[in-house]
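Data first, discussion second: the structure below is written as structure tokens.
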Amino acid sequence: MHARRIRPDAGHLDRRRLTAAGLSAVIPGLGQAFNRRRRLAMAFLAPAAVLGALAALLWLTQSPTMLAARAAAPAVLSILLTLNLFILVARIVAVIQAFLDTRWHGPTGRLGVGGMVAIALLVVIPHLAIHRYGTAFGETFDQVFDGGTLGAQGGASGMSGPGLDERLNVLLLGIDALPWRPATLTDTMMVASLDPVGKTVSIVSVPRDLINVPLGNGNEFGPKLNSLMSYADRNPDEFPQGGIRALQDAIGALLGIKIHYYARLDFYGFVKIVDAVGGVVVDVKEGFDDPTYDGFGLNQVGYAIEAGRHRLDGLNALAYARARKAAGESDFTRAGRQQQVLLALRDAAAGDGSLLWELPDLLEAVGDTVTTDLPSDLLPQLAAVADEIGDGGIVRAIIRHPLLKSRNTRYGSSLVPNLKAIREVAAHLFPAPGVAPIPWPTPKPSPTPRPSPTD
């Protein structure tokens, strides 16, 4: 009689192999330690320990916003994507070696094959997701931070940027460049000034109908300010640095400050960005009805909204920010709504964690529609400061009466600036770094209650 060969228990071997592979999938080297391969375990564990210690140190010493901002910087992002690839290869090698360790002989059953497929997917999918998000970040930086076509038109000024302890002033432009418009107009102009020392932001809206605005070179621009960019681009002999720079210099001269950088967004881009974050929430104090609104994208003429709390999609948020001819409304109340929507957009983008799922659409929207000459290497600094600024650190103002006088001119209904008064107000809105900005109009302090005779 022949002795019967006893086949190893495939199920038992599969479970042991999958345990080792699963451990190495979590941390390369753990599966080798489980299989008592000390040298291999050390070879895999040492790099993993170094990376883990470095990650823990960064997490303990940097805010999440700062880490994300540093990771998004192009040079760092390229290194991280390469490191992501090496880590993926190391994990796959560790998993396969742990599963196929020659110390354990015997056939692989269905459990082993199915388990390895599941482990492989769990290892590969996160790295593919990191690669996808990282590539999207990189493409967005290439599109947004290279200045785009505007850079060729004169967006770059040659002006040196501020130091790490100085105010950083950015001109935010909303462009009315609809196909049926005869000219490209800057109908929304805001200056956002960030104080990295005092951790505050001042946002000031500049009216589009200002005339006789100083250009910063001793001359004045007679027509309305919202036509300056287009005029300067059409007249390069007068404005060799282009329309964007001319507008930056003019608004800087108006306020008595330096405008370092710009960011430009048109109507289509605004709608895409608002929709990418799932809409914005605004509290409407007083409803209004503007029957003359052009109805951009809404397939209707006119726009109305009731008082109360509303979540607005891109088209309705644009209408809320643009409508200005309702009873009791004006360019000044519209500027206030524009600032409100801007802050609501910030809250939506950094809100309840849903940004993780909206990120690809948001990045696509930003990359396709925003142009700026803001250097990308400033992002970590700006993000770190922005992370520490609450609603109480944001001061908003609108240049309006009595800093201006209304006048009918050959350009239509116009606003004449009182330069001295505007610059005095701006000096309080944009004080030295570390000094709290003073809102305008300045709120009156509450009267101190008189003590009662019984006190």
Handout entry: Cationic N near anionic O, under 4.0 Å, K272 to D275
Key = no
Problem - Chi angles and distances behind the side chain to side chain contact (heavy atoms under 4.5 Å, CB included) call for M190, V204 - result: CA-CA 5 Å; M190 298 184 200; V204 176; over 6 Å; no
Exercise for the section: Drop me the distance from I27's CD1 to F44's CZ, to the nearest 0.5 angstrom. Expected result: 13.5 Å
Practice task
Look at atom CD of E306 and say whether more than 12 heavy atoms of other residues, nucleotides or ligands are closer to it than 6.0 Å.
Solution key: no
Problem - Check: L185 and I175 side chains under 4.5 Å, non-hydrogen atoms - result: no
Exercise for the section: For the residue pair I119 and L18, establish whether any side-chain heavy-atom pair is separated by less than 4.5 Å. Expected result: yes
Practice task
Using a 4.5 Å cut-off on heavy atoms from C-beta on, say whether the side chain of I203 contacts that of V201.
Solution key: yes
Problem - Q339 side chain to S205 side chain, donor-acceptor N/O pair below 3.5 angstrom - result: yes
Practice task
For the pair S24 (side chain) and V95 (backbone), establish whether a donor and an acceptor sit closer than 3.5 Å, ignoring hydrogens and angles.
Solution key: no
Handout entry: Salt-bridge contact R322-D294 (side-chain N to carboxylate O under 4.0 Å)
Key = yes
Problem - Any side-chain heavy-atom pair of L88 and V124 under 4.5 Å - result: yes
Handout entry: Verdict with supporting geometry, S193 and R167, side chain to side chain donor-acceptor pair (under 3.5 Å)
Key = CA-CA 6 Å; S193 179; R167 278 191 170 274; 2.7 Å; yes
Practice task
Write down the atom of D209, the atom of D331, and the distance for their closest heavy-atom approach.
Solution key: OD2-OD2, 3.2 Å
Fill in the blank from the handout: Here the gap from T200 atom OG1 to L194 atom CG, rounded to the nearest 0.5 Å, amounts to 7.0 Å
Problem - Distance-minimising heavy-atom pair for L121 and P126 - result: O-CD, 4.2 Å
Exercise for the section: Take R15 and T19 through the side chain to side chain donor-acceptor pair (under 3.5 Å) test and state the conclusion after the steps. Expected result: CA-CA 6 Å; R15 287 190 290 273; T19 299; over 6 Å; no
Problem - Student check: side-chain heavy atoms of L225 and V206 closer than 4.5 Å - result: yes
Practice task
Examine distances only and state if a side-chain atom of D289 and a backbone atom of A304 form a donor-acceptor pair shorter than 3.5 Å.
Solution key: no
Completion exercise
Heavy-atom closest pair (S202 atom, P437 atom, distance to 0.1 Å) is OG-CB, 3.6 Å
Problem - Within 6.0 angstrom of D283 CG, more than 12 heavy atoms from elsewhere - result: yes
Problem - M229 vs Q248, side chain to side chain contact (heavy atoms under 4.5 Å, CB included): CA-CA, chis, key distance, verdict - result: CA-CA 9 Å; M229 185 189 76; Q248 287 176 269; over 6 Å; no
Exercise for the section: Look only at the side chain of H260 and the backbone of N169, and say whether a donor-acceptor pair between them is shorter than 3.5 Å. Expected result: yes
Exercise for the section: Provide the closest heavy-atom pair for G112 versus D14 in the form atom of the first, atom of the second, distance. Expected result: N-OD2, 3.1 Å
Handout entry: Inter-residue atom distance T186.OG1 - L172.CG, 0.5 Å rounding
Key = 12.5 Å
Handout entry: Validation row, ring centre F296 to ring centre Y268 under 6.0 Å
Key = yes
Exercise for the section: Could you tell me which non-hydrogen atom of T333 sits nearest to which non-hydrogen atom of S330, and how far apart they are? Expected result: OG1-N, 2.8 Å
Practice task
Using the six-membered ring wherever Trp is involved, compare the ring planes of Y320 and F288 and label them parallel, tilted or perpendicular (cut-offs 30° and 60°).
Solution key: parallel
Exercise for the section: Considering only NZ, NE, NH1 and NH2 on the basic side and carboxylate oxygens on the acidic side, decide whether R245 and D249 come within less than 4.0 Å. Expected result: yes
Problem - Gap between atom NZ of K285 and atom CZ of R337 - 0.5 Å precision - result: 13.5 Å
Exercise for the section: Check whether any side-chain heavy atom of Q32 lies under 4.5 Å from a side-chain heavy atom of Q97, and answer yes or no. Expected result: yes
Practice task
Taking the side chain as every heavy atom from C-beta outward, state whether L51 and L83 have any atom pair closer than 4.5 Å.
Solution key: yes
Handout entry: Contact check, side chains of V370 and I273, non-hydrogen atoms, under 4.5 Å
Key = yes
Problem - Carboxylate-amine/guanidinium proximity below 4.0 Å for K325 and D290 - result: no
Handout entry: Verdict with supporting geometry, L173 and M189, side chain to side chain contact (heavy atoms under 4.5 Å, CB included)
Key = CA-CA 5 Å; L173 299 174; M189 294 173 283; 3.8 Å; yes
Problem - Under 3.5 Å: donor-acceptor pair, side chain of D233, backbone of G243 - result: yes
Fill in the blank from the handout: Interatomic distance, CD1@I244 vs CD1@I259, rounded to 0.5 Å, equals 12.0 Å
Problem - side chain to side chain contact (heavy atoms under 4.5 Å, CB included) between N316 and V274, worked out - result: CA-CA 10 Å; N316 282 280; V274 171; over 6 Å; no
Fill in the blank from the handout: d(F430 CZ, D195 CG) to nearest 0.5 Å is 12.0 Å
Exercise for the section: Quick one: closest heavy-atom pair of S230 and R234, and the distance? Expected result: OG-NH1, 2.8 Å
